[in-house]
2 protein chains.
Amino acid sequence: MNRPEGAARRSRIQQRNRKRILEAALDIFSQYGFRGATLDQIAEAAGLSKPNILYYFSGKEAIHVTLLNDLMDAWLAPMREIDPAGEPLEEILRYVHRKLEMSREFPRESRLFANEILQGAPRIGPHLTSVLKPLVDETAALIGRWIDAGRLARVDPYHLIFSIWATTQHYADFDAQVQVLAEGHDVHEGAAAYLDMLYRQLLTP
Amino acid sequence: MNRPEGAARRSRIQQRNRKRILEAALDIFSQYGFRGATLDQIAEAAGLSKPNILYYFSGKEAIHVTLLNDLMDAWLAPMREIDPAGEPLEEILRYVHRKLEMSREFPRESRLFANEILQGAPRIGPHLTSVLKPLVDETAALIGRWIDAGRLARVDPYHLIFSIWATTQHYADFDAQVQVLAEGHDVHEGAAAYLDMLYRQLLTP
DNA sequence: CCACAATCTGACCAACCGGTCAAGAATTTT
DNA sequence: AAAATTCTTGACCGGTTGGTCAGATTGTGG
């Protein structure tokens with residue numbers, strides 16, 4: 001009697017169906033938000049019956065929390081890859097470009113997070129404190145050292161990080177607006193060039 | 001037999017109660033999104049009974065649309081106030097500061113819009129095309145002329161506008177995250193100084 | 001091929017949701 | 001103060017939602 005819920009070993013069927021469910025749930029949750037999404041929608045998108053979905057997850061909220069936790073790591077990977085031994089300006093610009101790339105490749109993940117934060121992070125709040133904050137503090141300290149060494153212009157590291165997040169994720173989260181206003185132009189190519197210039201101008205000592 | 005729904009003259013009671021309802025609805029919608037909000041929540045927040053709310057508005061969607069339309073004007077006012085005859089850099093920086101100020105003073109309005117756009121602008125899409133787009137096109141053209149006259153550095157006006165929106169509204173929309181990471185610091189004062197430097201560095205010819 | 005566990009589903013349920021309605025209470029008009 | 005109109009509400013309704021459960025079906029190890 002295995003519980004699919006726990007983190008124990010999973011059979012091939014469990015692996016396959018859990019993946020299906022999470023994939024479908026990402027679609028639905030990112031599009032309609034937590035309360036706007038329904039289990040029936042997720043079930044249909046996953047090609048499973050609703051009771052079957054509740055065989056693999058204890059409830060709607062468990063699916064949502066699992067999604068957010070699983071995604072958090074991938075979402076923070078670019079920041080973890082900033083190399084303290086690298087050339088500061090190039091490291092920051094590489095980070096900006098990777099974040100912009102993720103906005104294009106994983107817009108659903110971006111919107112899922114945005115939805116959660118917008119509503120006050122009711123289900124991922126603790127994770128922010130325990131996982132996100134230490135990483136950001138560490139990165140901010142690194143940037144601070146780079147600035148003190150005269151290798152970057154003097155800016156507030158935290159606001160720098162906020163503005164990088166804001167400017168890159170904007171293209172995923174506010175895509176509906178961007179599409180109306182850009183109207184056909186190659187948005188991402190232009191964004192890459194613009195953001196490169198923006199942060200190069202700001203950070204060049 | 002007046003219909004409170006129409007744009008006709010409104011009695012004092014109608015004015016007061018419509019205002020109460022919209023105020024309460026702004027609270028609830030901005031916190032939970034459209035589908036996440038319930039008429040019962042709005043009714044309780046407004047101190048009115050549910051049927052009474054439906055006496056003033058034809059339905060949940062009508063309240064939401066009214067909110068969005070009423071807010072759109074106030075939201076775009078700072079962009080309308082950019083003075084074509086002013087000093088370009090100062091005009092842009094003033095716009096940035098006004099937008100940041102609105103993020104602090106009207107975070108609920110910011111989140112209401114963010115929620116709507118995140119979900120694909122299903123209820124305000126036409127408004128984006130008919131109201132927002134012409135204004136943005138006009139402003140972008142103005143910035144383009146300033147650039148051609150050598151009074152601003154050469155940047156893509158549309159991406160400049162996107163980045164101003166992203167960086168300023170971030171402090172309202174992602175407040176839950178910012179609060180965790182900033183932890184006590186005076187966020188808005190720091191943001192104002194940072195954004196001033198950011199756009200000054202970028203735009204100075 | 002058999003026994004046992006794992007997987008799956010139709011039928012069902014209580015709670016909630018947006019919205020209606022008839023009738024009562026309050027206000028304004030005459 | 002009577003009549004007419006506006007405002008308010010308790011009771012109710014059909015549909016949806018998250019979740020349950022008994023039992024059927026499928027997969028698996030011996």
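Treat the numbers as computed from the prediction; the structure is a model and nothing was measured. Proteins get letters first, then strands, A, B, ... in listed order; numbering begins at 1 in each.
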- Relative to the 5' end of DNA chain C, which residue comes earlier, B:Phe34 or A:Leu48, by the nucleotide with the nearest heavy atom? A:Leu48

- Task: For the pair B:Glu91 and B:Arg94, evaluate salt bridge (Lys or Arg N to Asp or Glu O under 4.0 Å) and give the outcome as yes or no after the intermediate values.
- Result: CA-CA 5 Å; B:Glu91 289 298 318; B:Arg94 196 164 56 86; 2.9 Å; yes

- Message: Contact list please: residues 20-33 of chain B against DNA chain D, heavy atoms, distance less than 4.0 Å, in numerical order.
- Response: none

Enumerate all atom pairs, one protein N or O and one N or O from nucleotides 24-30 of chain C, separated by less than 3.5 Å.
none

- Query: Does A:Asn52 put a side-chain nitrogen or oxygen below 4.0 Å from OP1 or OP2 of C:dT7?
  - Reply: no

- Query: At their closest point, which heavy atom of A:Gln41 faces which heavy atom of A:Ile28, and how far apart are they?
  - Reply: OE1-CG2, 3.8 Å

- Message: Any donor-acceptor pair, under 3.5 Å, between the side chain of A:Lys50 and the base of D:dG18, if you only look at N and O atoms?
- Response: yes

- Evaluate the side-chain proximity of A:Trp165 to B:Gln177: yes if any heavy-atom separation is below 4.5 Å, no if none is. yes

- Task: Would you please confirm or rule out a distance under 4.0 Å between OP1 or OP2 of D:dT6 and any side-chain N or O of B:Gln14?
- Result: no

- Residue A:Pro51, side-chain atoms from C-beta onward, closest of C:dG18, C:dG19, C:dG10: C:dG10

- Message: For B:Glu23 and B:Arg20: C-alpha separation, side-chain torsions, deciding distance, then whether salt bridge (Lys or Arg N to Asp or Glu O under 4.0 Å) applies.
- Response: CA-CA 5 Å; B:Glu23 169 69 20; B:Arg20 274 191 194 174; over 6 Å; no

- Query: Taking the side chain of B:Ser49 as heavy atoms from C-beta outward, which of C:dC17, D:dG19, D:dT8 is closest to it?
  - Reply: D:dT8

- Query: Which residues pass the side chain to side chain contact (heavy atoms under 4.5 Å, CB included) test with B:Ser30, sequence neighbours left out?
  - Reply: B:Arg108, B:Arg111, B:Leu112

- Message: Counting only side-chain nitrogens and oxygens, does B:Tyr55 get under 4.0 Å of the OP1 or OP2 atom of C:dT20?
- Response: no

- Test: B:Arg98 and B:Glu101 ion pair at under 4.0 Å: no

- Check whether any side-chain heavy atom of B:Leu48 lies under 4.5 Å from a side-chain heavy atom of B:Tyr55, and answer yes or no. no

- Exactly one of A:Phe34, A:Phe57, A:Phe113 clears ring pair (Phe, Tyr, Trp, His ring centres under 6.0 Å) with A:His64, and that residue is A:Phe34

- Query: Does B:Asn17 place a side-chain N or O at less than 4.0 Å from the phosphate oxygens OP1/OP2 of D:dT6?
  - Reply: no

- Check: A:His159 ring centroid to B:Tyr171 ring centroid under 6.0 Å: yes

- Side-chain N,O (B:Arg35) to OP1/OP2 (C:dG18) below 4.0 Å: no

